[in-house]
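Structure record follows, encoded as structure tokens.
When a residue number appears, it is its place in the shown sequence, counting from 1. Whatever order the structure lists ligands and atoms in, that order sets their numbers, starting from 1.
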Amino acid sequence: MSEVAKITLGEETHEFPVIVGSENEKAIDISKLRGSTGYVTIDPGFKNTGSTTSGITFLNGEEGILRYRGYPIEQLAEQASFIEVAYLLINGDLPTKSELESFENEITRHTMVHEDMKGLLRAFPAGAHPMGVAASLIVSLSTFYPESQDPNRGKEAMDLSIIRLLAKLPTIAAWSHKFSERHPVVYPKNKYNYVENFLSMMFEVPTEEYKIDPVVAKALNTLLILHADHEQNCSTSTVRVVGSSHANLYASVAAGISALWGPLHGGANQAVIEMLEAIKADGGDIDKWINKAKDKEDPFRLMGFGHRVYKNFDPRATIIKKECDEVLKALGINDPVLEIAKKIEKVALEDEYFVKRGLYPNVDFYSGIIYRAIGIPTEMFTVMFAIGRLPGWIAQWKEMLEDKAPIGRPRQIYTGATVRDYTDIANR
Ligand code: ACO
């Protein structure tokens with residue numbers, strides 16, 4: 001017999017179905033709770049609320065498991081290309097050789113952005129944060145492709161919007177950096193793959209030929225795969241909620257980019273490096289900063305530590321840490337900030353405060369050090385995360401539409417003033 005959950009309110013007991021996922025995860029389906037009892041549930045930050053069923057990513061925070069469409073993250077990070085993973089996330093299965101070739105060709109053919117976009121880029125001040133620029137330019141794609149504004153125009157139209165978005169984000173990201181520096185932009189080149197193309201647009205200068213370093217390209221490929229999806233996190237939930245109003249793909253993903261920007265989410269990779277730099281500049285007293293993080297009166301948090309879901313370890317951080325050591329060795333870089341990071345990790349992992357709360361280094365603790373080693377400016381770190389997360393946002397947006405998800409619209413418990421009469425300003 002299938003399990004049911006019983007809720008007793010006063011004299012009455014109500015039964016609710018239990019939903020069981022393919023990995024035996026269980027949820028009480030309370031979608032009819034208000035209708036049958038008049039009650040709603042309250043769960044600030046949705047710490048305990050499943051907003052959807054999903055067949056894209058499986059994550060077990062207790063055991064440190066992360067799988068895209070069933071494939072372990074460790075295998076994908078080691079063996080796949082980012083575009084292969086994007087195909088997997090969006091379409092559900094790994095591509096055959098010809099499917100992959102055609103997907104790559106389609107993306108390669110759409111990497112150019114409209115020349116008028118340069119006018120938008122020019123309008124931003126020098127030094128504009130590339131996350132603000134990227135979010136603005138992504139939403140503006142819906143004006144360059146007005147037919148994309150209706151997300152319900154069928155599979156062909158949806159596929160084209162998806163290809164355009166995947167193809168153009170690296171160009172937009174690299175150009176946002178070049179414009180911010182007031183340097184000439186570099187156009188995409190069809191001879192390069194996805195990762196190489198981004199590196200060339202980011203680093204090529206007119207005065208010198210740019211040579212792709214395979215160590216750098218491999219590191220970037222791995223980082224993008226590790227960030228490609230993470231089920232119902234803050235930015236992905238944002239993409240789904242915005243998309244649930246049938247806002248177009250570009251508008252939904254631009255909202256996701258904005259959500260990612262915050263330092264408690266994707267912005268943590270920039271915040272980690274800024275924190276490590278600050279600790280270094282302050283003389284490198286690790287204990288002082290650990291104590292600051294533990295002090296409830298002090299707003300400082302150890303950036304790159306802790307995760308809503310992982311309470312033992314973040315499997316992505318394990319892969320990244322290894323990759324970080326390899327990249328720095330291969331590039332011959334001796335980064336004092338890495339030494340500080342390692343010391344902090346050691347102290348925090350043995351400190352009762354962090355152990356008791358299950359606070360471990362997350363994916364962002366080491367990703368910034370790799371980005372730095374391969375020459376990505378600190379302000380671009382979160383944009384790199386956005387490039388990586390894009391296939392996940394797209395896959396989740398597509399699944400939400402295909403599942404005909406209802407518009408996202410939570411309830412609340414009102415705690416403000418009860419009804420009162422307006423008084424004339426002279427009598428207040
Ligand atoms: N430093 C110090 N204390 C921390 C930290 C931290 N980094 N993270 C959590 N805590 C403490 C909290 O103060 C709280 O303590 P309390 O129980 O005594 O009140 C306890 O640990 C639980 O923390 P919450 O904030 O309730 O946990 P939540 O799941 O809401 O937050 C989050 C998770 C936002 C990631 C948090 O750990 C954090 O702010 N970390 C730093 C920012 C960061 O690295 N973000 C990147 C996340 S990964 C990603 O988005 C890719």
Please check if any side-chain donor atom of [X] sits under 3.5 Å from a side-chain acceptor atom of [Y], or the reverse.
{"X": "Gln396", "Y": "Asp229", "value": "yes"}
{"X": "Glu231", "Y": "Ser54", "value": "no"}
{"X": "Tyr366", "Y": "Glu345", "value": "yes"}

Inset, instruction - With Lys178 as the cation and Trp175 as the aromatic partner, state whether NZ or CZ is under 6.0 Å from the six-membered ring centre and within 45° of the axis. - result: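 Verdict for Trp175: no cation-pi partner in Lys178.
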
Can you pull out the closest protein heavy atom to [atom]? Residue, atom name and distance to 0.1 Å, please.
{"atom": "atom 42 (C) of ligand 1", "answer": "Met303 CE, 3.4 Å"}
{"atom": "atom 35 (C) of ligand 1", "answer": "Gly306 O, 3.6 Å"}
{"atom": "atom 15 (O) of ligand 1", "answer": "Lys296 NZ, 3.0 Å"}

Once you restrict to heavy atoms under 4.0 Å, what part of [X] touches ligand 1? Side chain, backbone, both or neither.
{"X": "Leu359", "value": "side chain"}
{"X": "His230", "value": "neither"}
{"X": "Val272", "value": "neither"}
{"X": "Leu264", "value": "both"}

Using a plain distance cutoff, I'd like to know if [X] has any nitrogen or oxygen under 3.5 Å from a nitrogen or oxygen of ligand 1.
{"X": "Arg308", "result": "yes"}
{"X": "Phe305", "result": "yes"}
{"X": "Leu302", "result": "yes"}
{"X": "Phe354", "result": "no"}

Is [Y] paired with [X] through a side-chain N to carboxylate O contact shorter than 4.0 Å?
{"X": "Glu339", "Y": "Lys343", "result": "no"}
{"X": "Lys329", "Y": "Glu326", "result": "no"}
{"X": "Lys342", "Y": "Asp325", "result": "yes"}

Legend entry - Lys218 NZ to Ile374 CD1 distance, which is reported to the nearest 0.5 Å: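 That separation rounds to 11.5 Å.
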
Numbering as shown, the atoms of ligand 1 that approach [X] to under 4.0 Å (heavy-atom distance):
{"X": "Asn362", "value": "43 (C), 44 (O), 46 (C), 47 (C), 48 (S)"}
{"X": "Ala268", "value": "43 (C), 44 (O), 45 (N), 46 (C)"}
{"X": "Tyr353", "value": "2 (C), 3 (N), 4 (C), 11 (C), 13 (O)"}
{"X": "Lys47", "value": "26 (O), 30 (O)"}
{"X": "Gly304", "value": "43 (C), 44 (O)"}

Legend entry - Heavy-atom nearest option to atom 23 (O) of ligand 1, drawn from Arg301, Arg316, Arg357: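 Ranked by closest heavy atom to atom 23 (O) of ligand 1, first place is Arg301.
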
Inset, instruction - Give the ring-plane orientation class for His265 versus Phe385, where under 30° counts as parallel, over 60° as perpendicular and anything between as tilted. - result: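 Ring orientation, 0 to 90° scale: perpendicular.
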
Legend entry - N/O donor-acceptor pair under 3.5 Å between Asn197 side chain and Lys189 backbone: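 Yes, Asn197 side chain to Lys189 backbone: donor-acceptor pair under 3.5 Å.
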
[X] to ligand 1, any heavy atom closer than 4.0 Å:
{"X": "Phe300", "result": "no"}
{"X": "Pro263", "result": "yes"}
{"X": "Ala293", "result": "yes"}
{"X": "Phe385", "result": "yes"}

Inset, instruction - Determine, using ring centers only, whether Tyr194 and Phe82 are less than 6.0 Å apart. - result: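 Yes, close enough.
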
Inset, instruction - Could you give me the CA-CA distance, side-chain angles and deciding distance for His230 and Tyr310, then say whether ring-ring contact (aromatic ring centres under 6.0 Å, His included) is met? - result: CA-CA 11 Å; His230 213 234; Tyr310 295 122; 5.2 Å; yes

